[in-house]
2 protein chains.
Amino acid sequence: MTEKEKLIYAAKARVIKALAHPTRLWMVERLADGERCVCEFADDVDADFSTVSKHLALLRQAGIVEDEKRGKQVFYRLKVPCVIKFMNCVEAVIESQAKEQSALLK
Amino acid sequence: MTEKEKLIYAAKARVIKALAHPTRLWMVERLADGERCVCEFADDVDADFSTVSKHLALLRQAGIVEDEKRGKQVFYRLKVPCVIKFMNCVEAVIESQAKEQSALLK
DNA sequence: ATTATATAGGGTTATTTTGCCACGTGTGCA
DNA sequence: TGCACACGTGGCAAAATAACCCTATATAAT
């Protein structure tokens, strides 16, 4: 791994890390259906409002979502929709593992 | 987020988290070209041998790679190749951000 | 049989992440 | 003007992660 690669892979890992949290992942998938304000997420997610706000800020800093303030509310939307496609692959990984697990029991 | 969703998204996040590390990500991309033993990675990566071994074990536990022992060596290979496709999207996120950054300087 | 090599796993410490609380800011409404 | 709501931020403690060193095991070579 060259020095240049270290920088590149640190940047890539930073983006992926932003997705690597149950709540953030859930929110990103909700955004696939359209924009949402922080307050809507705060109602649905079992966490403090400030925690939700920080999760969204992290996703924004990673370049995955963008925000727009309208009146009192701030709306977030997916900036790079391709992340949603990846979920099929993640599910494939989990299903592949589930099969192995059940095979062990036979 | 329902209780069931909490479990599902915890599982998904666990898979993504396995990819969310520069070294692990680099190794996964190398495996796209074919299997490799731990010792090859240990030579290329600037980290302790045991650290590399643990990274690979984590990827295996996440269901992303699988291993096979042949002689003294253990070879790892990609179990779910679709993860590689995702890298295009991650790069798109980074490029999109890089554009914004440079736009700010103008 | 001894030795060397390839790897996994335990223990420990430093770093990072997470989540809550308390507080400050901006916006609209009464 | 005063109030309430929607957000973001700083600070702090707990939890998770990472990376090192050391040791154990298995296999091959001498």
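So that the names make sense, note that chain A is the first sequence line, chain B the second, and so on, each numbered from 1. Just the heavy atoms: all of them, side chains too, but no hydrogens, waters or symmetry mates, feed the values below.
With dT7(C), dC20(D), dC7(D) as the candidates, the nucleotide lying closest to the side chain of Ser50(B) is dC20(D). Of the candidates dT17(C), dG19(C), dC21(C), dG19(C) carries the atom nearest the His21(A) side chain, counting heavy atoms from C-beta on. Distances from the side chain of Ser53(A) to the nucleotides dA8(C), dT9(D), dG8(D) place dG8(D) closest. Residue Cys37(B) has its side chain nearest to dT7(C) when only dT7(C), dC7(D), dG28(C) are considered. Listed nucleotides dA19(D), dA6(C), dC20(C) differ in distance to Lys54(A); the shortest reach to its side chain belongs to dC20(C). Side chain of Thr51(B), nearest nucleotide from dG28(C), dA19(D), dG19(C): dA19(D). Between dC7(D), dT27(D), dC5(D), one nucleotide has an atom nearer to the side chain of Lys72(A) than all others, and that is dC5(D).
Atom CG of Asp48(A) and atom C1' of dG11(D) are 14 Å apart (whole Å). Look at CD on Gln61(B): it is 15 Å from C1' on dA18(D), rounded to the nearest Å.
Residue Tyr76(B) places at least one side-chain N or O under 4.0 Å from the OP1 or OP2 atom of dA8(C). Side-chain nitrogen and oxygen atoms of Lys69(A) include none within less than 4.0 Å of the OP1 or OP2 phosphate oxygen of dC7(D). Contact annotation: Arg70(A) side-chain N/O to dT27(C) OP1/OP2 distance is not under 4.0 Å. Considering only side-chain N and O atoms, His55(A) lies under 4.0 angstrom from the phosphate OP1 or OP2 of dG19(C).
Relative ring orientation between His21(B) and His55(B) is described as tilted, the plane-to-plane angle lying within the 30° to 60° band.
Side-chain contact check for Tyr9(A) and Glu29(B): at least one donor-acceptor pair (N or O, by modelled atom type) lies under 3.5 Å.
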